[in-house]
Structures are given as C-alpha cells and as structure tokens.
Amino acid sequence: MSDQKRLFLVDAYALIFRGYYAFIKNPRINSKGLDTSAIMGFMNSLLDVIKRERPDHLAVCFDKGGSVDRVEMFEAYKANRDATPEAIKLAVPYIYEILKAMHIPIMVKEGFEADDVIGTLSKQAEKEGYKVYMVTPDKDFAQLVSENIFMYKPRFGGGYDIWGVPEVLEKFEITDPLQVIDFLGMMGDSADNIPGLPGVGEKTAKKFLATYGSMENLLANTHELKGKMKEKVEAAKELGILSKQLATIMLDVPVTFDADDFTLDQPDIEKVTELFNELEFRNLLTNFSKTFADENAEKVNSIEDSSDDEPKKSTKKAPPSTEGQFDLFAAPGTGSITDEAIASGFKNIENTNHFYQHINSPLSRKILLQKLLQQKSVCFDTETTGLKALEVELIGISFSFEIGKGFYVSFPEDQDETKTILEEFRPFFEASEIEKIGHNLKYDLKVLSNYNMPVKGNLFDTMIAHYLINPDMRHNMDILAETYLNYQPVSITELIGKKGKNQLSMRVVPINDQTEYAVEDADITLQLKEHFTSELESGNVTKLFNEVELPLVSVLTAMEIEGININTSYLNELSVVLTDDINRLEKNIYEHAGEEFNIASPKQLGIVLFENMKLVDKPKKTKTGQYATGEDILSYLAKDHEIIRNIQEYRQYKKLQSTYVDALPNEVNPKTGRIHTEYMQAVAATGRLSSNNPNLQNIPIRTERGKGVRKAFIPRDENYVLLAADYSQIELRIIAALSEEETMMNAFKNGEDIHASTAAKVFNIPLDEVTREQRSNAKTVNFGIIYGVSAFGLSNQTDLSRSEAKELIDTYYETYPKLKAYMAAQVDFARDHGYVETVLNRRRYLKDINSRNAVVRGAAERNAVNAPIQGSAADIIKLAMINIYKRFEKENFKSKMLLQVHDELVFDAHKDELEIIKPIIKFEMENAFKMSVPLDVEIGIGDNWLEAH
DNA sequence: GACCCCACGTA
DNA sequence: GTACGTGGGGTCA
C-alpha cells in the first residue's frame, strides 16, 4: 500500500484557453451579456480533477507579465499570438474570485510563466517525496515528466490521459524526457513563436533525435546532412540553440513549495454558490454541490481505494477522443472542438429513465390518437428522407406530452399507405384547441403540407422562443438541450453518419433506434418549452412571441409553399450573352496583362496587377497578407487603367452568371415548377428574416445588367401580375420618430424628399438650390446615421476628405440635435442594461458594450444604435405580413404573398383582384404600427419583378 | 469533402 | 459604419 502524498498543479491559462475555444462556435453568454465560456470550461476541468482525484494538495498556477527572460532572449517570443480574447480577460478575475472562495491556493510570480512556476514546484515537491500531477493539455510539459512527475491531460468530454515516462518516450520516440526540449526546439512552435529549425517538422525532428540525440549533437554533425536540408540547418544553427533555450522550462523560479500552503481545504460553499448564481452556472453549481456534498462519504471509501498508485482510471464512457496522433502536436487551444461535452456528467438517453414506444398497428394508433385528443398541448416532430421539406417523404412522427414519455408512429415507403396512416391523425392536427409544440415547426408544417395535412391550433416553437430569449446564440436543439436541460441528445450523425456521400437515410436505421432518436427529440422539445415559457416572460418578449413570431410561422410556411415562377428559358438566353461578354473581357484582360491567369482568383489577380504590372507603389493587403483587389480598391484605379475597368466588368458578369443566371434554374422545384426559398426566422440578430436555398433577398437591381435578372421573376400565369409594395425610407422614419427630432419628422409629414431636405438644412440653402452632389452626400449621411457613422467611413463612401466628412457630420448633428441625443441615449441604455430593444421589445444583448477595447466597444455602440432601428423595421413589416395574410385568408383571394425583402413585399396578384388588394396591402403596411411619423408605401405592378418597381 | 477567405449581391 | 447568403479559389486531409 502506498501512502505517497500527491500534489496537483493546474496550468490555469492553458485550461482557460482550451475552455474558451471549445465553446467558440456557441459561446456561453449569460443574461447579462457576459461570455462565460472560459470560466465554465476552466471550472469544468478543475471540478473534474477534484471529483475524480480528491487531491489533498493542489494549486492553480497563472502567468503574470509574461516571461521576462524569454523575451530578453528573443523579442518575437509569443509576439505573434493574437491578443488575448476579451472574454478571457474578463473571465480571469472571476476565476480568481471562485478559486479564493473555494480556498484553492493560487500561484503567480511576476515575470514568469506558469510553465516555469509549475516546473520549479514540481521538482521541489518531488524531492520532498510527493507524486506530482501537472494538470495541463500542453505537450511542452512532457520535458518535466519523471518517475514521480506526471502530466495529467484532461480530455474533452471528461476523463483524462496520464503521461508518465513510458508514455512520453513512446509519443515523442525518444529515450529521455529531456529530449522533448530538443524536439520542440527543432520543430518549433508557432503558438509560442519558437522559431525552430527551418524545414523541420514533427517527422524530421523525430528522425534527427533518433540519429543525433540532441540539438547540439545535430548541429555539430550537419556535414552528414544532405541537399537543401543541409543548407537550411547549417544556416540556422544559432536559431536552433535559441529555440531550444526558449523551449526549456525553467526550474529556478523564486517560489517555494510548502505543503501547508498547498493543502486543499473545504470551500466556502455559500460564497461559491453566490458566484455561480451570479454567473448563471446552474449545472456547474449542481456539479459543485455534488462534488463537495459527497466529500465525506467519498473519504470513507477512499480508504480502500488509496492502494492505487495511479489516479483511478475513468470508467465513464467518454466520447471518442479528438486527440489522435495529429492532434498531439497541434498548437494548444487552436483545435476546433466538435465535442462540447467538456462538462462530464451530461444526462443522456442511456442514463435517463424514459419510456419511448414504437406505434405500428392500427389498434395502437387508435389508442394513441385518443390519448392525443385528450391533451391540451402536444409536442411532435417529423422524421423524413432529407432536408428539403417540400421534396421529402415522411418516415415517422414522434409525439410527447409527458416528460420522459413518447410515441413514434412509423410510415412505410409506399406513399399511398403513408397517406392513409397519416389521415388517421387528421383529427389531431386539425384540432384547433390543442397546442402544437415543436422545434422549427415551419419544417414540419411543410412536410405535412406535402400530404395535404394542415395544422391548426396555437403553436409553440422552441427554436423561435430561444431566438427571442437570446438572438445572438444559435438555436440547435442539441445545444439547447445541453445548455438548459444538462442533457446530451443522441446525435444524428451517430445514427446516419456524417453528411456527404456515406450518409444513410433514416429509413434504413433500425426501428428501435429511430424510435429512441425521434421520441427523444419530441421529449426534449417538450421540456424546453417549460423552460422557455418563463424565460420569455423574464425577457419581456412573450407578447412579441405570441403575437408576432408564432403567427408569422404560418405566414412564412404559406409563402414558402407558394413559391415564385421564373422564366427559365429567358435566363438561359441571358447566360449565353453573359458568356460572350465574359470571354471578350477575358481576352482583353490577358492582352493587357501580357499573360493568362485565373481572373476569378484574387490571389492570382493581385500578383498580376501589383507584382507583375506594378500598377501601384504600395498595394493594400488583406488581413491574410494577400493583395486586396476588392471593388473599393479597383475603383480608385479604374480611370487610369483599362484592364481595371475590364476586370470590374468581368467580375460583375461572373457574379451575375454564377450566383443568379445559372443557379436559379437549378432551384426550380420539379413538382411545382416554381422556386421555393426558405425564410430563416431565427438567424438575424436584429430580428430580420433571412432567405436561402436560394436567397431571394439579394436579387440584383442596382446595375443595368443586374436588372436583367429581376426580369426573370414573373407571375404564375397570364391571369396574374407581380405586385411589389415598398416601404419608403422606413428606417429613417423610425429613427425620426424614436428620437422625436421634429425637423426630420416634419419633413416626412410634409412628404418632402428627405435627402434633399436634409441637404438643404445641413448646407443651409433653399430646397430648390440643392445640387445632385449635395443631395447624394446628405443621403450617404442619412444612411450612415443608421449604421453608426464615422468620419472615416463617410469619407470612404463619398468624395469628401476626412475633415470635410467630419464637418458634415458635425453640422448634421447640429441640424438634428435630438437625433444625436437619441443615439447617445441608446448607448447609455445598453451600458446600463446590457441590451437594447425595438418598438416591440425585441432585445439584442450587447456583451461588449462596456469592453475596455475601444474597437470592440465601438462596434457594440454602433449595434446599440442600429439594432433598434433595423429591428423595429423588421417588427413592423412582420406585423404587416401577418395582417395581410389574415385578410387574404379571410377573403379567400386568389392573390398570394410570395416574397419579403426586408422593406418590400411581393405578391402574385390576380388581375381581377388588383383594385381590391392594392388598398388592403397599402393600408395594412402603413398602419401596422402607429408612430409619430407616417409610414409610406409605394406599390408597383408589372409583368415581372423589375417592372413592378 | 470540409473549411476558410475573398468578393459581392441585397436592404 | 448595420444585417445577411452564395460562389469560386485555395488549402488541407
């Protein structure tokens, strides 16, 4: 029996960074807008260690002020690391607080890195007879490993790997752990900016070590090397020695290991609870409480266990580790982690009681239906053959109305039989008194519509609920389940594989797995609903949810099902013309350049223009170091160089052809002959819709050639025309009304040309003397205001110099003082509350509004101004859509609403109904929301979308 | 094939 | 300066 004392030394920043990047795609933001990913990631790892190992001695080590010695050696040391993310800077003080409350010793030494502190302490403690575990994912520590010193590498998804001497020797293919230093020195480390030997990577470093054993010995024998490698290494001898020094962890930091100081005491549970509550760490708090509540019980048990020399091996089934051979040598913290289950202890289908039943007989279906009809509220979810709702077939429907229980009705491949079975459930779907719960219900409604099965009754969509609770997050059900229910659902990829060639159809998944997967989804969604009902309430968005977003689901469903007709043959002809133009331009460009290259490659184009042709003395570079060749750059050069004008034209035509002219015909649904875009209701952070598959919200209109594409959008047949209804200047009207800036309000009330009116006031001249240029500049400022202007941005957009732009903005604010006050008030509100809101109380949280980084804060401030404007406009058109849809339904019009483009609605208008629907549309849009400024809607009609404008 | 970057279409 | 989605090139596995 070994009673050797154990010391755990935790490398804080390594775990903090790792935690932060693990959540990078779905940062954990609490209701105050604080990004808690780093704190959560770190605490999960720390609690995991404590829970598993019950260490009696433990300390957490931080860097402070970087390594003075290493920077002296090599100025660039760690210089090319990105600045520490804001969220991490904010996280560290919290982590200190929590550690203090947990009574965990913190080790920092100004001017030294945590590596060095841990190294020094490890060696000291080893001498005093301790077994030392360095808790870190960083491979650099392998050099410290000895008989009594181990690396304790936390795994994603819980569990850990222990690296002792044998593991290190095997991983690095060396004979002594100290050779890790030579290894790192040879291959370098881009994250730490250790240069390494040029041309030497992992493979070569291992080979060198096998042959020469050390950096010094390699450098003494470079004559044995061959070719390019010989030249490179010989030229870099000094660099090699320096790299090795940089990679060496120091063992003489002025710190002293004192067993008493490092003893792990009982935490101040009250204080920790308070901190966790403040951070809104519900699951972590549970985890923490369990860890320390079990403390005494565990200690008794551990008498038997203490015969283990090594920490207990994990028995929990952890998800497949991402740390394979390759990952071992990846830069720390940069790996994008797909498995976010850092917190061990998610519930899942295996450890949670549930009763999910497959329903596959007439009798059982009948019983289920009767049950369903007795409910006030039922959650359902469809399983289908694919993702395109209007083209897929139904495979099954899951239902749940009681937590942990649910049913899965499966359907055969035969579509007639499927129809018959589905018909049995018509009483349920048409029952208007039963609430239907789902996650992304629009999809399910569309699938059911394929079988002519409309759904009635109130809806509750958990995806949209969460979109209102926090629009900046993503709303996948899996993530929501993990965040709010501490539950990790069966992953779809586990069932049918990764998307792409080898993906299976749900049809071939064994029926038991189908049932478990499908009912789990309905079960989880049901549970999320309970959760979100109160969260909507506390976010003050219940009304917005019930009266705008949920009714809109049905409206969008109808619009998507409707689709729009396009003139395919016209587009095909257009493509031929474009191809001719493109070929002609291509020839000209090659002639000017004196060489042939891929004009569509910005990389190649940049080299031709700026290296070979040297069109500019100091070409601008993009952030990745390539030459910038964007439209803004080219337009400066256009007047002097024909090749530039040709390139601009080439780009324009290529874009039109690839994105629209050639792509749109492929999007025509073979069954309906129409294009059915998909509106995303839970994507845009401001509350706007977005459109994809295909995106019909960015169809060209500005250029002559672009307008050609619009002509392809046509009415359904000769009895119809397209009707387009546009809000005129809705965002400016909103900002005028919200700021109560009377000058601007009056201009709108009097029906003035707002940009000319602005120009007259700003330049202090009569309205009829405003020049085109003045109006244009005023227009740019008007728009700039909405986006949060800067003099820099304005001067970029106009011919004005920076100082002229600044002067214009200043006069603008003098002309409209209340507007400026309103903008400042929005920013203040955001600082105080952490969010801003629209006229319908739609919120956007701005976590960076108090950031100490001026650039980051500036962006948040512009959002504080823009989000309420853009979002209120979105609110208003959504209201109008709902009201118009209701009227159209009620009147049973043949005319249909087809598209929404942020401030415009497009209709297939039956010629006989034109005069009836025109005033309805105009009225409903202009009166959707009452403000102190009138809304104005312009209606156009035509045989295609261009003419309708 | 998956992913990022660049460029560019709209409001 | 705000908000999106798509297509092609380039790179890596």
Side-chain angles (χ1 to χ4, degrees), chain A residues 25 324 326 336 338 471-472 498-503 597-606 621-634 647-648 650-664 666-667 677-680 683-703 705-707 709-710 726-732 735 780-797 805 809 823 844 855 858-871 873-874 877 899-904:
Chain A
K25 285 191 177 159
F326 173 73
S336 157
T338 50
D472 276 290
K498 288 224 189 290
K499 66 175 170 185
K501 52 183 175 142
N502 294 326
Q503 193 174 39
F597 62 101
N598 187 346
I599 308 165
S601 159
K603 188 182 162 124
Q604 295 181 35
L605 180 66
K621 300 271 187 99
T622 67
K623 60 181 171 199
T624 49
Q626 291 190 53
Y627 295 109
T629 68
E631 170 59 28
D632 47 340
I633 308 279
L634 296 191
I647 291 165
Q648 287 176 306
Y650 173 92
R651 285 245 179 99
Q652 192 193 106
Y653 298 164
K654 267 277 187 183
K655 175 81 177 177
L656 289 177
Q657 190 174 47
S658 65
T659 311
Y660 305 104
V661 177
D662 288 352
L664 287 174
N666 294 328
E667 297 284 350
T677 184
E678 197 179 332
Y679 289 103
M680 308 303 280
V683 169
T686 50
R688 275 188 177 183
L689 298 176
S690 79
S691 154
N692 64 18
N693 301 318
N695 182 353
L696 294 188
Q697 289 179 324
N698 70 346
I699 301 302
I701 188 156
R702 289 176 189 172
T703 64
R705 299 299 292 266
K707 285 179 178 176
V709 177
R710 282 221 168 198
D726 276 70
Y727 279 111
S728 140
Q729 308 298 351
I730 186 166
E731 294 189 346
L732 269 184
I735 202 170
T780 311
V781 190
N782 274 336
F783 279 116
I785 289 296
I786 295 168
Y787 300 149
V789 261
S790 71
F792 178 76
L794 184 61
S795 70
N796 270 347
Q797 281 259 320
I809 293 170
M823 293 167 64
R844 178 164 189 195
V855 178
E861 288 171 357
R862 288 191 294 278
N863 278 322
V865 174
N866 175 260
I869 309 296
Q870 193 182 113
I877 196 167
L899 304 179
Q900 189 253 40
V901 194
H902 309 307
D903 65 357
E904 170 185 8

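A, B, ... follow the sequence lines: proteins, then strands. Residue 1 opens every chain. Both backbone and side-chain heavy atoms feed into the values below; hydrogens, waters and symmetry mates do not.
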A:N796 and A:D632, any side-chain heavy atoms less than 4.5 Å apart: no
Among C:dG1, C:dG8, C:dG10, the nucleotide that comes nearest once only the side chain of A:R862 is considered: C:dG1
Closest listed nucleotide, where the reference is the side chain of A:F792 and the choices are C:dG8, C:dG1, B:dG9: C:dG1
Closest nucleotide among C:dA3, B:dG9, C:dG10 to the A:A684 side chain: C:dA3
Distance test, side-chain N/O of A:Q604 to OP1/OP2 of C:dG10, below 4.0 Å: yes
A:T629 side chain near B:dA7 phosphate (N/O to OP1/OP2, under 4.0 Å): yes
Donor-acceptor pair present, A:Q697 side chain and B:dT10 base, under 3.5 Å: no
Touch class at under 4.0 angstrom, heavy-atom based, for A:E904 against every strand present: nothing
Separation of C:dG1 C1' from A:Q870 CD (nearest whole Å): 12 Å
N/O donor-acceptor pair under 3.5 Å between A:N866 side chain and A:I786 backbone: yes
Touch class at under 4.0 angstrom, heavy-atom based, for A:V865 against every strand present: nothing
Sugar-phosphate, base or nothing in reach of A:I701, heavy atoms under 4.0 Å: sugar-phosphate
Base B:dA11 to side chain A:R688, donor-acceptor N/O within 3.5 Å cut-off: yes
A:R844 side chain near C:dA3 phosphate (N/O to OP1/OP2, under 4.0 Å): yes
Backbone of A:I599 reached by a side-chain donor or acceptor of A:Q604 within 3.5 Å: no
A:S601 side-chain N/O to C:dG8 phosphate OP1/OP2 under 4.0 Å: no
Euclidean distance, atom CZ of residue A:F597 to atom P of C:dG8 [Å, nearest integer]: 18 Å
Nearest atoms (heavy-atom pairs only) where A:I785 meets A:V865: O-CG1, 3.9 Å
Gap between atoms CD and C1', on A:Q729 and B:dA11 respectively (whole Å): 12 Å
Phosphate OP1/OP2 of C:dA3 contacted by A:N863 side-chain N/O (<4.0 Å): yes
Rounded distance (Å) that lies between atom P of C:dA3 and atom CD1 of A:I730: 18 Å
Non-hydrogen side-chain atoms of A:L899 and A:Y679 separated by less than 4.5 Å: yes
Sugar-phosphate only, base, or nothing, as touched by A:A663 at under 4.0 Å among non-hydrogen atoms: sugar-phosphate
Short side-chain N/O contact to B:dC6 OP1/OP2 from A:T622, under 4.0 Å: yes
Any A:T659 side-chain nitrogen or oxygen under 4.0 Å from OP1 or OP2 of C:dG5: no
Touch class at under 4.0 angstrom, heavy-atom based, for A:R702 against every strand present: base
Check: B:dG9 base within 3.5 Å donor-acceptor of A:N698 side chain: yes
Atom of A:L689, atom of A:H902 and distance for their closest heavy-atom approach: O-CE1, 3.4 Å
Sugar-phosphate only, base, or nothing, as touched by A:K603 at under 4.0 Å among non-hydrogen atoms: sugar-phosphate
Sugar-phosphate, base or nothing in reach of A:S790, heavy atoms under 4.0 Å: base
Residue A:V789, side-chain atoms from C-beta onward, closest of C:dG1, B:dG9, B:dA11: C:dG1
Nearest-nucleotide pick for A:K655, side chain only, options being B:dT10, B:dC8, C:dG1: B:dC8
Sugar-phosphate, base or nothing in reach of A:E731, heavy atoms under 4.0 Å: nothing
Sugar-phosphate, base or nothing in reach of A:G630, heavy atoms under 4.0 Å: sugar-phosphate
Candidates C:dG1, B:dG9, C:dA3 - which lies nearest the side chain of A:T780: C:dG1
Sugar-phosphate, base or nothing in reach of A:A685, heavy atoms under 4.0 Å: sugar-phosphate
Closest to the A:R710 side chain, choosing from B:dT10, B:dA7, C:dG1: B:dT10
Student check: side-chain heavy atoms of A:E667 and A:L696 closer than 4.5 Å: no
Nearest to side-chain heavy atoms of A:A600, which nucleotide of B:dA11, B:dG9, C:dG8: C:dG8
Whole-Å gap separating P (C:dG10) and OH (A:Y627): 16 Å
Touch class at under 4.0 angstrom, heavy-atom based, for A:I699 against every strand present: sugar-phosphate
Sugar-phosphate only, base, or nothing, as touched by A:N796 at under 4.0 Å among non-hydrogen atoms: nothing
Side chain of A:Q652 (C-beta onward), nearest among B:dA11, B:dG9, C:dC4: B:dG9
d(CG, A:L696; C1', B:dA11) in whole Å: 14 Å
Of the listed nucleotides B:dG9, C:dG7, B:dC6, the one nearest the side chain of A:K623: B:dC6
Rounded distance (Å) that lies between atom P of B:dC8 and atom OH of A:Y650: 12 Å
Integer-rounded Å distance: B:dC8 P and A:L605 CG: 10 Å
A:T659 (side chain) donor-acceptor with A:L656 (main chain) under 3.5 angstrom: no
